[in-house]
Amino acid sequence: MSEDLGRRAELAANLGDVRSRIATACGAAGRRPQDVTLIAVTKTWPTADCVHLRELGVVDLAENRDREARQKAQQTLGVVGAVRWHFVGQLQTNKARSVASYASVVQSVDRAALVTALSQGAVRAERVVQVLVQVSLGADGDPHRGGADPHLLPELADQVESADGLVLGGLMAVAPLGDDPLPAFTRLAELGGALVRQHPQATMLSAGMSGDLEAAILAGATHVRVGTALLGPRAAVLG
Ligand SMILES: *Cc1c(COP(=O)(O)O)cnc(C)c1O
């Protein structure tokens, strides 16, 4: 078996495992597996892995750095079926225009300046970009993981809604390190419930990664972002 076929078989097996974890978690939560979208976080892995995953049926892929994301978006264009690229990393305003040129969803929007910059980028690219507001769920904020303080949510959501080229999709969060993730994800779902009352289409809740996707699904996540469990451990330096 060639190296490439070996890798593809490995990814297919991991994908099967992750899909069955999602199905089991949905069963326990009384939810339907088709109501939870799997997003493969391909950061640090080669474009060939993105192609394998897309061919194995994963449409949603995520990256956290603009340069790497843009390259992969270009390299997969026309090679595989359409990919829905999600941007999930902390984003500088000066990279927003680039990200708006290829991302379908930007999940890490946590401040007003970024909304303005993404809107300008989307308009320039003649695209519509879906935006998730990233919420900080740490006790006193968590500067390393990013995210807006929950009390800023209503204002940021209104700003996204009124920005040209942007559509408000919902909320994203990363569970605080070390704690039981369920209370944090439950808090996120409550914030999402309040958001939906003001913005009925903003139903996405992006929560849960390789280590805590079950808790996220129990709390109501509509999207889980899985890297390690699909692709293997990343080189530590590249995070
Ligand atoms: C890397 C990353 C993930 C995936 O994490 P794993 O633990 O490898 O599944 C999910 N969300 C964000 C924002 C990430 O940066």
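Keep in mind that the numbers below use all heavy atoms, side chains included, and drop hydrogens, waters and symmetry copies. Each ligand, and each atom within it, is numbered from 1 in the order the structure gives.
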Find the distance between CZ (R65) and CZ (R67) and round it off to the nearest 0.5 Å.
-> 10.5 Å
Out of K43, R70, K72, which one pairs with E63 under the salt bridge (charged side-chain N to carboxylate O under 4.0 Å, His left out) rule?
-> K72
Identify which of K43, Q134, H86 has a heavy atom lying nearest to atom 15 (O) of ligand 1.
-> K43
Counting from 1, what ligand 1 atoms have a heavy atom of V226 closer than 4.0 Å?
-> 9 (O)
Would you mind checking if R7 and E10 are paired as a salt bridge, meaning a charged N to carboxylate O distance below 4.0 Å?
-> yes
Between T228 and ligand 1, find which residue part has any heavy-atom pair under 4.0 Å and reply side chain, backbone, both or neither.
-> both
Would you say G211 has any N or O atom under 3.5 Å from an N or O of ligand 1, going by distance alone?
-> no
Test item: R54 side-chain N/O and A82 main-chain N/O as donor-acceptor pair under 3.5 Å | yes
Under 4.0 Å from ligand 1, counting heavy atoms only, is it the side chain of Q107, its backbone, both or neither?
-> neither
Taking the side chain from D60 and the backbone from I39, do they hold a donor-acceptor pair closer than 3.5 Å?
-> no
